[in-house]
Amino acid sequence: MTYPDTELLINGHWVAGSGKRTLDVTDPATSTVIGRVSVAEESQLEEAIAAAHAAFNGWRCISVLERSARLRQAAYLLRQRSDQIGWLLTREQGKPLNEAKAEIATSADILEWFAEEARRTYGRVVPARDPYVRQTVLKEPIGPVAAFTPWNFPLSQAARKIGAALAAGCTMVLKPAEETPASTAALVRSLQDAGLPSGVLNLVYGIPADISSYLIAHPAIRKVSFTGSVPVGKQLAALAGLHMKPATMELGGHAPVLVFADSDIRSAAALMARSKFRNAGQVCVSPTRFLVEAPVMEEFREAFVAESSRINVGSGLEESSDMGPLISSRRLEAVEGLVTDARDNGATVDFGGKRLGNAGNFYAPTVLSNVNRDMRIMNEEPFGPVAILVPFTSLDEAMAEANRLPFGLASYAFTQSASTIAALEKRMEAGMLTINHLGLALPETPFGGVKDSGHGSEGGAEAIEAYLTTKFVSERHAPQA
Ligand code: NAD
């Protein structure tokens, strides 16, 4: 297979950037340039918005069964193309092939969920005070959407936004990450091949800040959705606010994992180590701060390090690899900087803590302990393969640490105590909490954060709600003579 250059999709046509500018795409496993992605000029952004605007009336008015059918067909095509798209995803993103194929399966699952949910965008009738009045609440698609998706899950993050928006009857201009353009383009092509009308979904790439400032400010765009870092999310949410546009923001996290002495320590450690190093830790819900009840800390540490040492790091294209490289040299340096800061300030490296190999962006699965709250790693999202072990002696102490940071995305806990579970449910400041297993990120369950981790949900019935507006109609008819 050869890695393709990626073009833009504007009003149903695949086109190069009109200014002939391109950006390089780099293989993170070898640091070599493998292809190029077109840069959209401003006139092409205008064309993409015009196409989404023109297509909106047709798409919102066709039968909901037709919208469902297109999404379902796209899911079918994605599954059929799993080998080919999986290879593209691994090549440009670095994750092991089995993770790439799992992401494609998840994306198909997401599109199917929204295909079904499209049929349930119910309004309601409110009983009126006056017997001659009928009060109706209507749900309507909000309009053309500007969506921005990241490089860590180039398919599934895009599928969440596309699925919800298109199911609701919205159209979209999508700007995925320039680091991983071909796999998102393959998802978009599957939707196009599934019979999506021209203009319903447009795909642009380029200079992120130029595109987002143009799209968000444009009067034809009615809704903004972004997945990425907290600083960029705050900028885009501010811009959306300036133009009075609702925004869904799915941002970073620094997920706490509370491990109580009454749980099965060894199996919790093994499960969480595998979860930590999935996609080399470049996951917004990645478990990061492992708060472990002091008497079982040594048992947990030993089991966690043992599992970490079994993680085979290598090119995602090798079947033996459990973990691939980081996306870029910039991310590699960022992770290295956080670990160096911790080590220089007295942290113990229980495992890893170094780059691997002479090419590519490989970093070892890393376990740190003896950390303190002044270290950067305890405050900044590592977005890499680093686990931090912190002992606690009481529920209150664990809760204080879990809720200390401005983030509030995912959280995890292991305990057999019903009263501890009740306390966690009540006191955890997070959009998601999973207890005694990995239960997050299903298409049918809410997915989103609180505090600096953003607002809005990208899963469950809440996800489609974000693309709908509410119209209230009150109608009085004259009493019959
Ligand atoms: P970054 O902030 O430079 O970029 C993150 C993403 O935002 C990229 O896809 C980029 O193309 C996009 N982006 C950047 N500036 C933008 C702008 N002005 N307008 C529109 N899009 C813009 O960071 P990075 O080094 O690429 O990634 C690291 C950080 O990003 C991590 O710390 C993590 O918090 C965050 N991130 C989060 C997720 C997530 O799933 N929530 C995914 C990827 C990255």
Side-chain angles (χ1 to χ4, degrees), residues 23 25-26 28 37 39-40 45 92-95 103 106 146-161 173-181 183-184 203-217 221 224-240 247-255 278-286 288 326-338 361 376-377 379-386 405-410 431-432 440-441 447-459:
L23 298 169
V25 181
T26 305
V37 55
V39 169
L45 298 180
E92 62 186 12
Q93 204 277 342
K95 65 180 65 180
E103 182 177 342
T106 300
F148 305 89
T149 53
W151 43 261
N152 58 341
F153 291 96
L155 267 96
S156 60
Q157 304 272 21
R160 283 185 182 281
K161 297 186 197 301
V173 180
L174 172 67
K175 192 213 80 69
E178 286 67 26
E179 292 88 340
T180 52
S183 55
T184 317
L203 178 70
V204 296
Y205 291 97
I207 312 305
D210 293 353
I211 297 184
S212 56
S213 53
Y214 191 85
L215 295 186
I216 294 171
I221 294 295
V224 176
S225 182
F226 172 77
T227 300
S229 63
V230 172
V232 175
K234 285 185 173 176
Q235 282 173 29
L236 301 195
L239 193 56
T248 298
M249 291 284 149
E250 204 274 272
L251 309 176
H254 201 295
R278 183 169 76 100
N279 202 8
Q282 302 167 116
V283 181
C284 54
V285 297
S286 188
T288 292
L326 296 171
I327 186 71
S328 62
S329 55
R330 200 157 59 97
R331 288 267 12 107
L332 183 62
E333 283 155 21
V335 170
E336 201 168 36
L338 290 174
N361 311 317
R376 286 177 52 210
I377 193 87
N379 299 285
E380 297 172 31
E381 180 180 32
F383 222 65
V386 185
L405 295 180
F407 303 105
L409 192 59
M432 295 171 278
L440 305 182
F447 187 92
V450 296
K451 296 164 57 179
D452 273 6
S453 293
H455 43 71
S457 182
E458 297 228 278

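Nothing here was measured: the structure is a model prediction, and the numbers come from that model. We count residues from 1, following the sequence as given. Note that ligands are numbered from 1 as they come in the structure, with each ligand's atoms numbered from 1 the same way.
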Checklist entry - Counting N and O atoms only, with roles assigned by atom type, does the side chain of H254 sit under 3.5 Å from a partner on the main chain of I377, one being a donor and the other an acceptor? => result yes

Next on the checklist: Quick test: of every protein heavy atom, which one is nearest to atom 34 (O) of ligand 1, and how far off is it to 0.1 Å?
Outcome noted: E381 OE1, 2.3 Å

Item to check | For A209, atoms of ligand 1 separated by under 4.0 Å from a heavy atom | outcome: 17 (C), 18 (N)

Item to check | Option whose closest heavy atom lies nearest to atom 22 (C) of ligand 1, chosen from S212, P208, G384 | outcome: P208

Next on the checklist: For the 3.5 Å polar cut-off, considering only N or O atoms, please tell me whether S229 and ligand 1 meet it.
Outcome noted: yes

Checklist entry - atom 6 (C) of ligand 1: which of G228, A146, G206 has the nearest heavy atom? => result G228

Checklist entry - Is there a donor-acceptor pair closer than 3.5 Å between any side-chain N or O of N152 and the backbone N or O of N279? => result no

Checklist entry - Is the W151-Y205 ring centre distance short of 6.0 angstrom? => result no

Checklist entry - Between E92 and S183, does a side chain to side chain donor-acceptor pair (under 3.5 Å) hold up when you go through it step by step? => result CA-CA 8 Å; E92 62 186 12; S183 55; 2.5 Å; yes

Next on the checklist: Would Q157 count as a contact residue for ligand 1, given that I'm defining contact as a non-hydrogen atom of the residue lying under 4.0 Å from a ligand atom?
Outcome noted: yes

Checklist outcome for this item: Hits for side-chain contact (heavy atoms from CB on, under 4.5 Å) against A158, two or more places apart or cross-chain, chain-then-number order -> T149, I162, L174, T184, L187

Checklist entry - Any protein heavy atom lying closer than 4.0 Å to atom 4 (O) of ligand 1? => result no

Next on the checklist: Is the contact between L251 and ligand 1 made by the side chain, the backbone, both, or neither, using heavy atoms and a 4.0 Å cut-off?
Outcome noted: backbone

Next on the checklist: Main chain of G206, side chain of E178: is a donor-acceptor contact present, judged purely on distance under 3.5 Å?
Outcome noted: yes

Item to check | Heavy-atom protein neighbour under 4.0 angstrom from atom 31 (C) of ligand 1 | outcome: yes

Checklist outcome for this item: Honestly, for F226 the part within reach of ligand 1 (heavy atoms, under 4.0 Å) is side chain

